[in-house]
Amino acid sequence: LDGPHQRRNAAVAIALCHLPARRGDLPRDLDACIAVGLRTASWPGRLERVERDGVTVLLDCAHNSHAVEALTQALGDLDPARSHLVFGALGDKSWQEMLAGLAPLAARRSALAESQPGAAFDAPEAAIDAALAAASPGDTILVTGSIFLVGAVRVHLVGGPRDVAVAL
């Protein structure tokens with residue numbers, strides 16, 4: 001998984017696997033299993049890259065200010081002049097703080113225009129379509145904030161079921 005925060009998370013998980021009290025519950029070839037897990041780990045919507053006509057769309061469910069901070073650190077080399085932001089958050093989130101942290105990453109922003117210059121859209125699909133229309137090959141579109149936003153944009157771009165029910 002991309003981002004320095006994910007490397008720290010992986011290090012914690014590996015350390016927990018090696019706790020002596022847990023050894024009896026884990027496979028004998030623990031290190032080989034960990035290596036396979038690290039190589040094959042996938043987390044849709046977490047710094048996930050989708051390519052569209054030479055434009056990179058980054059999907060990340062940074063839905064609180066701590067996650068935004070981790071995201072901005074992971075994207076430190078992103079060129080704001082070649083970047084677009086599609087952002088949305090639920091009303092109970094600290095969206096003003098989140099958007100303020102994200103704003104320097106992108107020259108163009110979509111959504112929550114009352115806080116930062118940009119355009120507001122009624123639907124995630126319309127926001128990503130507008131960002132794609134405004135982008136040029138080599139540009140990056142960052143879609144972040146609400147898990148619902150990222151999920152809807154992901155389905156719009158790559159297909160798949162929307163709002164899949166989780167069996168309990």
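Any value given below was found using the heavy atoms of this structure, including those in side chains, with hydrogens, waters and symmetry copies removed.
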Compare every heavy atom of Arg82 with every heavy atom of His84, then report the nearest pair and how far apart it is.
CD2-O, 4.3 Å
Could you tell me if the side chain of Leu105 sits less than 4.5 Å from the side chain of Leu142, heavy atoms only?
yes
Could you check whether any side-chain N or O of Glu48 sits under 3.5 Å from a backbone N or O of Gly45, counting only pairs where one atom can act as donor and the other as acceptor?
yes
Return the minimal non-hydrogen interatomic distance between Val86 and Leu149, and the atom names on each side.
O-CD2, 3.9 Å
Roughly how far, to the nearest 0.5 Å, is CD1 of Ile147 from CZ of Arg154?
13.5 Å
Out of Ile141, Thr144, Thr140, Val143, which one pairs with Leu85 under the side-chain contact (heavy atoms from CB on, under 4.5 Å) rule?
Thr144
Output a table of donor-acceptor pairs, distance under 3.5 Å, between side-chain atoms of residues 122-130 and any protein atom two or more places apart or on a different chain; print 'none' if there are none.
{"residue": "Glu125", "atom": "OE2", "partner": "Arg162", "partner atom": "NH1", "Å": "2.9"}
{"residue": "Asp129", "atom": "OD1", "partner": "His156", "partner atom": "NE2", "Å": "2.9"}
{"residue": "Asp129", "atom": "OD2", "partner": "His156", "partner atom": "NE2", "Å": "3.3"}

Does a side-chain heavy-atom distance below 4.5 Å link Val68 with Leu99?
no
For Gly101 and Pro104, the nearest pair of non-hydrogen atoms, with its separation, is O-CD, 3.5 Å
Considering only heavy atoms from C-beta outward, does the side chain of Leu58 approach that of Arg49 to under 4.5 Å?
yes
If you take all heavy atoms of Ser146 and Ala89, which pair is closest and at what distance?
CB-CA, 4.1 Å
Do Val50 and Thr56 come close enough that some side-chain heavy atom pair is under 4.5 Å?
no
Are any side-chain N or O atoms of Asn64 and backbone N or O atoms of Ala67, one a donor and one an acceptor, separated by less than 3.5 Å?
yes
Shortest non-hydrogen contact from Ser136 to Val55?
O-CG2, 3.5 Å
Check this for me: Glu97, atom CD, are more than 12 non-hydrogen atoms of other residues, nucleotides or ligands nearer than 6.0 Å?
no
